[in-house]
2 protein chains.
Amino acid sequence: MSRRRVTLADLAQAAGVSRTTASLVMTGRARELRISHDVEQRVLRAADELGYRPNAVSVGLRTGTSRTIGFVSDTVATSRLAGDMIKGALEAARERGVMLFIGETEGDPELERGLLHAMHDRQVDGLILAAMYTRTIKVPKDVGGPAVLLNALPKTPSDLPSIVPDEVEAGRAAARVLLDAGHRDGIYTIGAGPALRNVPPQSVAAVERLVGIREVLGEAGVKIAGGRMCVDWLPELGFAATADLLKKHRPKALICLNDRVALGAYQALGDVGLDVPGDVSVVSFDDHPIASWIRPKLTTVALPYYELGRKAVEVLFAQMGEEAKPGEVHRVAMPVMHRDSVATRS
Amino acid sequence: MSRRRVTLADLAQAAGVSRTTASLVMTGRARELRISHDVEQRVLRAADELGYRPNAVSVGLRTGTSRTIGFVSDTVATSRLAGDMIKGALEAARERGVMLFIGETEGDPELERGLLHAMHDRQVDGLILAAMYTRTIKVPKDVGGPAVLLNALPKTPSDLPSIVPDEVEAGRAAARVLLDAGHRDGIYTIGAGPALRNVPPQSVAAVERLVGIREVLGEAGVKIAGGRMCVDWLPELGFAATADLLKKHRPKALICLNDRVALGAYQALGDVGLDVPGDVSVVSFDDHPIASWIRPKLTTVALPYYELGRKAVEVLFAQMGEEAKPGEVHRVAMPVMHRDSVATRS
DNA sequence: CTGTTAGCGCCTTCAA
DNA sequence: TTGAAGGCGCTAACAG
């Protein structure tokens with residue numbers, strides 16, 4: 001018994017019609033072209049029995065379309081945080097009957113060129129250019145065809161739409177969490193700030209979060225008491241920064257610029273016998289898995305990875321369908337995860 | 001200026017040769033078929049100038065091969081731990097000039113069928129069937145063509161090769177770490193054990209790790225003092241299990257069945273004022289990122305995700321090339337990450 | 001050594 | 001309402 005795929009010709013023969021007719025029926029244009037109901041059923045039945053499936057490669061060659069999009073990232077696929085971004089993209093793609101190619105550039109322009117070529121060679125219908133952490137990227141010039149930037153903004157003006165988390169609003173939300181809990185003083189930032197220039201290099205998240213924080217606090221007439229910057233948002237550095245802060249100050253609330261930093265802060269706080277949230281409230285950003293693993297569970301403003309991924313393919317499809325507004329920036333809301341690290345002050 | 005892709009015909013015309021000749025040159029068979037050096041150079045130059053790239057879709061249709069493999073997982077792509085698996089596969093694929101389709105089944109057989117179809121429709125050259133955590137899976141029967149199981153073993157005998165971490169050896173290694181540090185008693189397991197039947201359902205890792213642990217300890221004439229099982233390896237459950245253990249016992253060493261469990265154990269130990277590793281040594285498995293974030297840094301036997309991914313495509317290619325031994329199981333070594341959670345006993 | 005010819009499987013005018 | 005024919009871009013026999 002032959003394992004060869006059944007082709008349209010096989011199907012046509014089995015149904016006793018021409019290939020054209022079979023094709024028409026299979027592409028759902030039987031009604032439109034007024035093919036007899038009888039013939040239509042015959043074809044459909046034969047297709048079912050033979051297990052006919054159109055060869056996507058052939059269709060691709062013929063139509064120039066592949067129902068495939070490429071997901072190219074610096075290293076997002078491997079980022080433990082951002083697998084959800086792919087998951088979101090994957091699901092949105094599946095809903096549209098589209099497959100996903102993935103590739104990583106490792107930040108190497110040479111690799112990036114190669115990948116983009118390999119994808120174009122395979123006639124991808126569109127491209128998602130993703131970054132592991134939110135930042136500005138240099139848009140490769142050989143992006144032929146529809147593309148969107150995911151978790152990234154173009155370094156130089158570009159027509160490509162961007163999908164990014166709404167970090168400014170997240171900053172506002174974090175500040176509001178503290179305000180709502182009655183905090184008015186003794187608020188310090190860890191990881192960046194308190195001034196806008198004290199941010200890790202390249203990090204748009206840092207400045208935008210800070211902007212939001214300062215805005216809401218400012219409106220409420222509350223001053224940030226101080227802060228410590230970390231060149232990288234790692235637990236060790238968060239620990240060091242917090243330990244250093246504690247040498248001179250007794251904070252009542254910490255806004256950590258992300259969860260890994262917060263983990264370090266927890267450790268430093270613990271070392272000097274300060275209780276979270278009894279003595280010090282902590283808010284953070286990202287909603288990394290550890291946020292709900294550490295004790296007390298961390299109240300944090302979540303990075304909406306899954307939604308970002310979904311949105312990317314939605315925008316990409318809009319892009320592919322009509323002409324979209326060039327360079328539009330889509331901001332995805334960052335939800336607050338209320339947990340146990342913030343105490344109410346009277 | 002036309003943006004149309006340069007075709008072989010264009011190239012042939014520009015070089016003043018036939019399409020065949022151009023094709024021969026471009027596929028590197030000029031030497032073999034003794035095409036004049038002069039013509040070869042002319043074609044190569046023209047190709048370079050025109051930026052000719054063969055249309056992979058067309059090649060696919062013609063040759064039936066697509067230089068593409070499919071990576072299908074239950075939900076590994078999104079698993080924060082296992083992004084490295086994809087990364088490994090991605091790199092090994094890139095080295096071979098192959099692209100990766102990815103898809104997730106969410107454990108839904110219906111989705112799985114659909115995905116497999118979609119991939120076959122696109123003529124993938126091979127399939128990687130991956131699981132998020134090591135376990136036995138039901139091999140779908142419509143896997144036409146070469147395929148390998150990644151981080152999974154077939155539930156019923158199958159011809160497909162498997163690539164899995166060498167958990168038994170990992171268990172041995174963990175036990176040796178303790179033995180080498182002079183531990184001879186007061187050793188408890190957390191997450192599973194001490195008996196082989198006390199394991200979370202479905203988890204092959206649990207039983208294999210336990211087997212290795214018991215083997216080495218047994219050989220050294222050391223008895224496991226006791227243990228606590230967790231139905232799922234989560235920090236909370238690790239905490240609860242350890243706290244419960246501490247009500248009755250004073251362990252000198254803990255073998256946690258994975259890092260998340262170990263995190264919970266740390267918390268429980270801390271609560272009763274026990275110091276790691278001063279009072280209690282801790283070894284664990286997985287090398288989750290938190291292992292190096294918590295204090296003291298956790299000594300753990302690493303899950304070789306990256307290597308697993310690489311190996312999967314290596315085996316897949318071997319599979320595609322020659323006939324491989326059916327059903328072979330490839331075990332990838334799990335390296336010990338020596339850190340600070342184990343103290344030497346005199 | 002190089003060119004001609006014939007498809008791979010499908011879709012799409014154009015005729016019948 | 002259906003069929004025949006051509007071609008997407010490429011490779012592989014087979015001639016010359």
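Order of the sequence lines sets the chain letters (A, B, ...), proteins ahead of strands, with each chain counted from 1. For clarity, every value in this text was computed on a predicted model and none was experimentally measured.
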**Student:** Mind checking if B:S36 touches a base, just sugar-phosphate, or nothing, with heavy atoms under 4.0 Å?
**Tutor:**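 If one applies the 4.0 Å heavy-atom cut-off, B:S36 turns out to touch the sugar-phosphate alone, with no base involved.
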**Student:** Under 4.0 Å between a Lys/Arg side-chain N and an Asp/Glu carboxylate O for A:K325 and A:D159?
**Tutor:**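 Looking at A:K325 and A:D159, the cut-off is not met.
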**Student:** May I have the distance from A:L11 (atom CG) to C:dG9 (atom P), rounded to whole angstrom?
**Tutor:**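 So the two atoms are 14 Å apart, to the nearest Å.
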**Student:** Can you check the A:R62 CZ to C:dC8 P distance for me, whole Å?
**Tutor:**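 Spelled out: CZ on A:R62 to P on C:dC8 is 16 Å.
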**Student:** Ignoring backbone atoms, test whether B:R19 places a side-chain nitrogen or oxygen under 4.0 Å from the OP1 or OP2 oxygen of C:dT2.
**Tutor:**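 B:R19 to C:dT2 OP1/OP2: no side-chain N or O under 4.0 Å.
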**Student:** Establish, with yes or no, whether the OP1 or OP2 oxygen of C:dG3 is under 4.0 angstrom from a side-chain nitrogen or oxygen of B:S18.
**Tutor:**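 Yes, such a contact exists.
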**Student:** Let's test your reading of the model: under 3.5 Å, does the base of D:dA12 pair with the side chain of B:T20 as donor and acceptor?
**Tutor:**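 In this structure, the two groups form a donor-acceptor pair.
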**Student:** Distance check needed: C:dC10 C1' versus B:R122 CZ, whole Å only.
**Tutor:**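 The answer, rounded to whole Å, is 15 Å.
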**Student:** Would you kindly give the CD1-to-P distance between B:I35 and C:dG3, to the nearest whole Å?
**Tutor:**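 The answer, rounded to whole Å, is 9 Å.
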**Student:** Answer yes or no: is there an ion pair linking B:E95 with B:R310, defined by an N-O contact shorter than 4.0 Å?
**Tutor:**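 Salt bridge: yes.
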**Student:** In whole angstroms, how far is the C1' atom of C:dC8 from the CG atom of A:N55?
**Tutor:**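 Going from A:N55 (CG) to C:dC8 (C1'), I get 9 Å.
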**Student:** Does any part of the side chain of A:Q319, heavy atoms only, come nearer than 4.5 Å to the side chain of A:E314, both counted from C-beta?
**Tutor:**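 With C-beta onward as the side chain, the pair stays apart.
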**Student:** Without decimals, in angstroms, what is the distance between B:R5 CZ and D:dC10 P?
**Tutor:**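 Whole-Å distance recorded here is 8 Å.
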**Student:** Atom CG of A:L24 to atom P of C:dC10: distance rounded to whole Å?
**Tutor:**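 The distance from CG of A:L24 to P of C:dC10 comes to 14 Å, rounded to the nearest Å.
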**Student:** Ignoring backbone atoms, test whether A:Y52 places a side-chain nitrogen or oxygen under 4.0 Å from the OP1 or OP2 oxygen of C:dG9.
**Tutor:**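 Result: no.
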**Student:** Measuring to OP1 and OP2 of D:dG3, would you say a side-chain N or O of A:T21 lies under 4.0 angstrom away?
**Tutor:**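 For D:dG3, OP1/OP2 do have a side-chain N/O of A:T21 under 4.0 Å.
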**Student:** Quick check on DNA chain C: between B:Q123 and B:G16, whose nearest nucleotide comes earlier from the 5' end?
**Tutor:**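 First, find each residue's nearest nucleotide; the 5'-ward one identifies B:G16.
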**Student:** Side chain of B:V17: nearest nucleotide among C:dG3, C:dC11, D:dT11?
**Tutor:**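 Closest nucleotide to the B:V17 side chain: C:dG3.
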**Student:** Report the distance from atom CG of A:L61 to atom C1' of C:dG7, rounded to the nearest whole Å.
**Tutor:**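 After rounding, the reported distance stands at 12 Å.
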**Student:** Is it the case that more than 12 heavy atoms not belonging to A:K138 sit under 6.0 Å from its NZ atom?
**Tutor:**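 Not more than 12 within 6.0 Å, no.
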**Student:** Check whether any side-chain heavy atom of A:Y52 lies under 4.5 Å from a side-chain heavy atom of A:L8, and answer yes or no.
**Tutor:**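 Heavy-atom side-chain distance check passes, below 4.5 Å.
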**Student:** Using a heavy-atom cut-off of 4.0 Å across all strands, would you classify B:L8 as base, sugar-phosphate, or nothing?
**Tutor:**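 Base: the residue B:L8, judged by heavy atoms under 4.0 Å, touches a nucleobase.
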**Student:** D:dT11, OP1 or OP2 - any side-chain N/O from B:S23 closer than 4.0 Å?
**Tutor:**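 Yes, B:S23 has a side-chain N/O under 4.0 Å of OP1/OP2 on D:dT11.
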**Student:** For A:V39, answer base if it contacts any base atom (sugar-phosphate contacts may also be present), sugar-phosphate if it contacts only those atoms, and nothing otherwise; contact means non-hydrogen atoms under 4.0 Å.
**Tutor:**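 Here A:V39 touches the backbone only, sparing every base.
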